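Reviewing the structure listed below.
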Amino acid sequence: MKVTQQGNTVILEDVKHFNPKHIFECGQCFRWIKQEDDSYTGVAMGKVINVKQEGNKIYLDNTTKEDFENIWYDYFDLGRDYESMVNTLKVMDEYLEKATEFGEGIRILKQDGWEMLISFIISANNRIPMIQRAINNLSKNFGTYIGEYQGQEYYAFPTPEQLSKATVEEIRACSTGFRDKYIKSTSQTVNDENIDVLEYRKLPTDQCLKELLKFNGVGPKVADCIALFGMQKYDTFPVDVWVKRVMQEFYVDEDLSLTKIRKFGIEKFGDLAGFAQQYLFYYAREFGIGR
DNA sequence: GTACAGGACTCAC
DNA sequence: GTGAGTCCTGTA
């Protein structure tokens with residue numbers, strides 16, 4: 001991979017396994033919006049950045065080489081050998097072969113743990129456009145103003161301190177629905193007890209999940225998602241309706257409980273369970289498998 | 001108007 | 001520790 005900077009654009013050449021559409025639309029993130037030119041503009045790590053792919057070049061606009069090295073290289077998980085990971089998965093069975101081919105270029109973003117905690121509480125019994133709207137409203141109302149980019153104003157995701165100041169009613173007004181009280185309770189707890197959720201990254205997966213499950217509004221599936229997308233715990237296997245459907249279609253009995261499907265996934269895919277889940281989820285959702 | 005899509009909590013058992 | 005009912009919002 002070659003990295004150069006022109007103005008406020010960082011250009012990456014010859015990056016393998018990087019497909020913006022699949023990265024930003026596979027359900028792992030909520031703040032990346034497709035633009036008219038098929039690029040994606042996102043708010044992450046308190047900054048606004050635009051990602052565009054043309055041929056073998058990736059253009060990261062509104063940033064610097066320094067930020068690329070300090071932030072985006074890790075955020076986009078560019079240090080991982082996706083090639084060998086995908087090679088391991090795709091020979092496991094024909095379904096993963098199809099799913100990895102379909103989701104070619106997915107990368108699991110290393111997102112902020114706190115933001116994932118609240119975002120996935122909102123995701124419970126909810127749909128992606130609604131989740132995006134709620135997060136956007138929370139950021140606009142309680143987060144720090146970042147600035148304008150291509151005619152749009154952008155706000156950072158609120159810190160625990162900022163969010164804990166919001167009332168339940170104000171949170172509800174951001175179209176969070178019945179999850180308002182969970183968001184209130186969780187941000188209150190994190191702020192009042194001065195919890196740094198990023199510390200959970202250092203814990204073994206089971207311990208990390210146990211800590212996450214203590215928060216109001218966090219159940220097994222939401223905890224798995226936070227651990228996978230915000231804490232780099234790749235040996236988890238979040239089971240939502242789509243994963244349940246695809247697993248029942250291809251791997252397990254129709255009447256297996258969510259807990260047992262999760263156990264099956266972790267035992268079968270091991271350290272790569274999180275990646276396998278992402279490919280299977282994306283594949284299942286795009287093709288409506290098991291509906 | 002009504003049905004439906006989505007996980008966590010609560011309260012049985 | 002397992003299962004049914006309830007929570008909210010937007011779309012069809």
Side-chain angles (χ1 to χ4, degrees), chain A residues 25-31 33-34 111 113-141 163 166-190 195 197 200 206 208-231 233 236-249 252-267 273-274 277-278 280-291:
Chain A
E25 294 187 16
C26 71
Q28 64 176 323
C29 53
F30 305 108
R31 301 208 72 192
I33 307 296
K34 191 178 191 169
Q111 302 182 77
W114 155 249
E115 182 173 336
M116 293 303 100
L117 173 58
I118 300 300
S119 297
F120 280 97
I121 286 176
I122 298 171
S123 82
N125 218 21
N126 209 348
R127 303 162 115 150
I128 291 173
M130 285 302 300
I131 304 167
Q132 290 175 329
R133 182 188 298 183
I135 294 172
N136 207 37
N137 289 339
L138 287 175
S139 303
K140 199 176 274 179
N141 289 328
L163 196 53
T167 65
V168 177
E169 291 73 24
E170 286 172 327
I171 295 170
R172 173 70 75 107
C174 294
S175 49
T176 55
F178 59 84
R179 310 156 196 87
D180 54 358
K181 52 192 177 294
Y182 305 148
I183 297 168
K184 180 68 195 165
S185 152
T186 295
S187 49
Q188 197 88 267
T189 304
V190 170
I195 297 170
V197 296
Y200 298 165
D206 282 354
C208 177
L209 292 171
K210 216 170 169 181
E211 291 301 322
L212 291 171
L213 286 167
K214 289 181 187 168
F215 293 112
N216 205 346
V218 179
K221 187 268 176 182
V222 165
D224 276 334
C225 284
I226 301 163
L228 176 58
F229 303 126
M231 317 242 148
K233 301 300 177 195
T236 56
F237 197 74
V239 182
D240 66 351
V241 287
W242 288 107
V243 175
K244 177 172 182 273
R245 284 171 185 151
V246 73
M247 292 301 283
Q248 288 176 337
E249 184 89 7
V252 301
D253 286 343
E254 183 66 34
D255 58 353
L256 222 52
S257 69
L258 297 179
T259 319
K260 286 177 178 158
I261 295 174
R262 175 178 187 274
K263 189 163 177 275
F264 179 93
I266 290 173
E267 283 170 3
Q277 188 271 2
Q278 230 4 233
L280 290 169
F281 168 80
Y282 188 50
Y283 184 74
R285 204 193 55 189
E286 294 300 303
F287 287 100
I289 285 174
R291 292 201 60 190

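Just so it is clear: chains get the letters A, B, ... in the order the sequence lines come, proteins before strands, and each one is counted from 1. None of the values given here were measured: they were computed from a predicted structure.
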Checklist entry - Which word best sums up how the rings of A/Y283 and A/F287 line up, parallel for under 30°, tilted for 30 to 60°, or perpendicular for over 60°? => result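 If you compare the ring of A/Y283 with that of A/F287, the planes turn out tilted.
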Next on the checklist: Does B/dG6 have OP1 or OP2 under 4.0 Å away from a side-chain N or O of A/W242?
Outcome noted: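 Result: yes.
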Measure from [atom1] on [X] to [atom2] on [N] and round the result to the nearest Å.
| X | N | atom1 | atom2 | answer |
| --- | --- | --- | --- | --- |
| A/K184 | B/dA8 | NZ | P | 22 Å |
| A/D180 | C/dT6 | CG | P | 19 Å |
| A/N126 | C/dG10 | CG | P | 10 Å |
| A/R127 | C/dG10 | CZ | P | 12 Å |
| A/I121 | C/dC7 | CD1 | P | 20 Å |
| A/L117 | B/dA8 | CG | P | 13 Å |
| A/I128 | B/dG7 | CD1 | P | 10 Å |
| A/K260 | C/dT2 | NZ | C1' | 10 Å |

Would you check if the side chain of [X] reaches a backbone N or O of [Y] as a donor-acceptor pair within less than 3.5 Å?
| X | Y | result |
| --- | --- | --- |
| A/Q111 | A/G230 | no |
| A/T176 | A/R179 | no |
| A/N137 | A/C174 | yes |
| A/D240 | A/W242 | yes |
| A/R245 | A/A284 | no |
| A/K184 | A/T167 | no |

Item to check | Contacting residues from residues 210-223 of chain A, given that a heavy atom lies under 4.0 angstrom of DNA chain C | outcome: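 Residues of residues 210-223 of chain A that come under 4.0 Å of DNA chain C do not exist, since none gets that close.
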Item to check | Members of residues 171-179 of chain A that approach DNA chain C, where some heavy atom sits under 4.0 Å away | outcome: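 Only A/R172, A/G177, A/F178 qualify.
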Item to check | Relative orientation of the end axes in the helix from B/dT2-C/dA12 to B/dC13-C/dG1, expressed as an angle to the nearest 10° (five pairs per end) | outcome: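 Here the local axes at opposite ends form an angle of 30°.
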Checklist entry - When you measure from the side chain of A/R291, which nucleotide among B/dG6, B/dC9, B/dA5 comes out closest? => result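 Among B/dG6, B/dC9, B/dA5, the one nearest the side chain of A/R291 is B/dA5.
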Checklist entry - A/R245 near the nucleic acid: base, sugar-phosphate alone, or nothing, with a heavy-atom cut-off under 4.0 Å? => result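 Touches sugar-phosphate only.
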Item to check | Residues A/R31, A/S119; criterion side chain to side chain donor-acceptor pair (under 3.5 Å); working and verdict | outcome: CA-CA 10 Å; A/R31 301 208 72 192; A/S119 297; over 6 Å; no
Checklist entry - Would A/I118 and A/I183 satisfy side-chain contact (heavy atoms from CB on, under 4.5 Å), going step by step from the backbone distance to the final call? => result CA-CA 6 Å; A/I118 300 300; A/I183 297 168; 4.2 Å; yes
Checklist entry - Looking at A/F281, A/F120, A/F30, which hits ring-ring contact (aromatic ring centres under 6.0 Å, His included) with A/F229? => result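 Between A/F229 and the candidates, ring-ring contact (aromatic ring centres under 6.0 Å, His included) is satisfied uniquely by A/F120.
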Next on the checklist: Pair A/N216, A/T189 - check side-chain contact (heavy atoms from CB on, under 4.5 Å), show working.
Outcome noted: CA-CA 9 Å; A/N216 205 346; A/T189 304; over 6 Å; no
